[in-house]
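Working notes for the structure below.
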Amino acid sequence: MIKAIRGTRDLLPPETALWNFVEATAREVFRAYNFQEIRTPIFEATELFARGVGEETDIVSKEMYTWEDRGRAESDKGQSLTLRPEATAGIVRAYIEHKLWDRGLNKLYCIGPMFRRERPQKGRYRQFYQIDAEVIGPASAGSDSPARDAELLEMLATLLDRLGIRDWNLELNSVGCANDRAKFNEALRKALEPVVDKMCADCQRRAVTNPLRVFDCKVPEDQPIIEKLPRISQFLDEACRKHFDAVKEILKADGVEFRENDRLVRGLDYYTRTAFEFTHGALGAQNAILGGGRYDGLSEALGGPPAPGIGFAIGEDRLVMSLQETAENILRKPDAYVAPLGAGMNQEAARLARELRRNDLVIELGDENFRLKKSFETATKAGAEFILIVGENEVKADAFTLKNLATGEQVSVPRGELAAKIRAAK
Ligand code: HAM
């Protein structure tokens with residue numbers, strides 16, 4: 001038997017209803033904040049991620065699905081391509097390619113699969129889904145304002161609340177700007193020198209190439225050493241500190257709770273200033289449901305004009321996991337099972353089912369070849385609330401036998417009152 005590849009999986013009903021609920025709710029919330037959808041390709045030039053996300057990150061150095069694509073003709077040369085491990089780099093590429101700065105401030109969102117060759121475990125897959133949103137534009141459009149950071153975080157709090165996720169924590173930090181980073185990296189190098197030989201091989205490499213990345217280390221033995229390292233919060237310049245303070249002030253005024261965490265540096269190189277994650281207790285080790293931050297130099301790094309931006313990506317797989325508790329309310333079972341009884345009744349039942357579905361009811365339709373007993377069994381298995389019998393007598397009377405499968409109560413209801421009667425029982 002051929003099975004799905006390790007780290008990938010099928011999403012099956014009824015769980016797919018939860019995915020649809022999450023995406024529909026996200027789209028609704030995005031709309032209220034005037035975000036619009038963008039769709040970018042799921043593979044891009046490898047160089048985009050190397051330059052955008054950073055050569056030294058775990059994502060680029062170990063986790064990308066990259067291949068040499070063959071050209072088909074002189075004009076269609078081969079090149080190195082990569083399945084997108086994240087959405088931000090592609091969206092900023094599109095911003096530059098289509099000169100989206102002409103539109104002022106762009107508020108964009110994108111929903112789709114991402115690919116990372118990570119070690120699969122609960123909440124971590126090699127094909128996973130993100131709901132990603134980005135705010136990007138020229139500074140003259142206000143893209144660098146702390147008001148944008150706070151608005152984005154408030155939108156996330158609203159979305160999680162709307163989804164019925166209660167116990168989330170917002171972890172907030174500022175990772176400063178390029179200036180601060182240079183000083184911080186210098187201090188980190190110094191602090192790492194005497195201890196680095198006790199650390200894992202990855203950290204020994206990071207200490208030389210990009211010391212900030214030691215904060216990505218998950219090796220338990222390295223954690224006490226990392227705990228004692230200097231923090232970026234000690235190196236923020238005046239402008240970065242002011243920006244961070246302003247974000248926090250607005251959040252407090254909004255009533256959005258957060259916790260400052262100065263160890264939070266995020267695993268991608270493009271971040272500047274505000275960086276954040278929302279975590280959820282029920283998720284275990286992979287407890288970040290979403291992460292994001294500001295990336296004020298990314299457009300320039302990709303060859304574009306200055307375009308400050310901020311965004312986030314929700315891990316949809318994890319969000320759906322944290323939602324399982326409320327799943328019962330979302331998964332809609334059929335309201336009624338329409339059971340044709342006897343020859344020629346399929347037509348009558350089909351007509352009735354159509355009427356009821358137009359009244360926004362979920363209807364399962366049976367078959368006249370089923371005996372009454374089998375119709376009952378099928379209706380019960382489908383989880384229908386009612387069974388509705390369509391037999392010759394019912395059609396003549398234009399009133400139908402409606403039986404509540406849970407209570408056993410049975411009544412005869414005129415055609416015109418059926419939809420209201422079924423709805424009233426919900
Ligand atoms: P990220 O932190 O790498 O950020 O990923 C965001 C979220 O995607 C994570 O918090 C997690 O919920 C989910 N995620 C990541 N890897 C996996 C995986 N292997 N399996 C399941 N879920 C996963 C970014 O991707 C940035 N592009 C976010 C961003 C947008 N920053 C600014 N704009």
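For reference, positions follow the sequence shown, starting with 1. Both ligands and their constituent atoms are indexed starting at 1 by order of listing.
Taking the ring centre of Phe376 as origin, the terminal cationic atom of Lys373 falls outside the region bounded by 6.0 Å and 45° from the ring axis. Remark: Arg84 fails to qualify as a cation-pi partner of Phe115 under the 6.0 Å distance and 45° angle criteria applied to the six-membered ring.
Summary of contacts: the protein heavy atom closest to atom 21 (C) of ligand 1 is Gly123 O, 3.3 Å. When hydrogens are left out, the protein atom nearest atom 23 (C) of ligand 1 is Phe128 CD1, 3.4 Å; that is the closest non-hydrogen contact. Closest to atom 13 (C) of ligand 1 among all protein heavy atoms lies Gly315 CA, 3.5 Å. The protein heavy atom nearest to atom 7 (C) of ligand 1 is Ala313 O, 3.5 Å. In terms of protein heavy atoms, atom 20 (N) of ligand 1 is closest to Tyr125 N, 3.0 Å. Of the protein's non-hydrogen atoms, the one nearest atom 26 (C) of ligand 1 is Tyr270 OH, 3.3 Å. In this structure, atom 4 (O) of ligand 1 lies nearest to the protein heavy atom Arg266 NH2, 2.9 Å.
If you look at Arg124 next to ligand 1, the close heavy atoms, those under 4.0 Å, come from the backbone and the side chain alike. When non-hydrogen atoms are compared, ligand 1 lies under 4.0 Å from the side chain of Glu134 (C-beta onward) but not from its backbone. Proximity of Tyr271 to ligand 1, defined as any heavy-atom pair under 4.0 Å, is confined to the side chain (atoms from C-beta onward). The side chain of Gln130, and not its backbone, has at least one atom closer than 4.0 Å to an atom of ligand 1 (non-hydrogen atoms only; side chain from C-beta on). Contact annotation: for Leu268 versus ligand 1, heavy atoms closer than 4.0 Å belong to the side chain alone.
Residue Glu118 places at least one N or O, backbone or side chain, under 3.5 Å from an N or O of ligand 1. Residue Asp132 has no nitrogen or oxygen atom sitting less than 3.5 Å from a nitrogen or oxygen atom of ligand 1, judged on distance alone. Between Ile289 and ligand 1, an N or O atom pair is found at a separation short of 3.5 Å.
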With side chain to side chain contact (heavy atoms under 4.5 Å, CB included) as the test, would you mind laying out the steps for Lys403 and Tyr337 before giving the verdict?
CA-CA 10 Å; Lys403 182 165 182 167; Tyr337 181 95; over 6 Å; no

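Of the listed options Gly292, Ala288, Gly293, Ala288 places a heavy atom closest to atom 12 (O) of ligand 1. For atom 16 (N) of ligand 1, the choice among Glu277, Glu63, Glu86, Arg116 with the nearest heavy atom turns out to be Arg116.
Within the 3.5 Å criterion, the main-chain N or O of Arg119 finds a donor-acceptor partner in the side chain of Arg124. Listed for the Lys333 side chain is no donor-acceptor partner under 3.5 Å among the backbone atoms of Glu385. Judged purely by atom type and a 3.5 angstrom limit, Asn346 has no side-chain atom pairing as donor or acceptor with the backbone of Asp367. At least one donor-acceptor pair closer than 3.5 Å links the side chain of Ser299 to the backbone N or O of Pro305.
The environment of CD in Gln36 is sparse: at most 12 heavy-atom neighbours from other residues, nucleotides or ligands sit within 6.0 Å.
The shortest heavy-atom distance from Tyr129 to ligand 1 is not under 4.0 Å. For Phe278, the closest heavy-atom approach to ligand 1 does not fall below 4.0 Å. For the pair Gly267 and ligand 1, no heavy-atom separation below 4.0 Å is found. Within the structure, the closest approach of Met114 to ligand 1 does not fall below 4.0 Å when heavy atoms are considered.
Looking at every heavy atom in both residues, Leu236 comes nearest to Asp180 through CA-OD2, 3.7 Å.
Ring orientation note: the planes of Trp67 and Phe43 are nearly perpendicular, at an angle over 60° on the 30°/60° scale.
Ion pair Glu56/Arg205 flagged as a salt bridge, since at least one NZ, NE, NH1 or NH2 atom sits closer than 4.0 Å to an Asp/Glu carboxylate oxygen. Residues Asp245 and Lys248 are paired through a salt bridge, judged by an N-O separation under 4.0 Å between the basic side chain and the carboxylate. Under a 4.0 Å N-O distance rule, the pair Glu37/Arg27 qualifies as a salt bridge.
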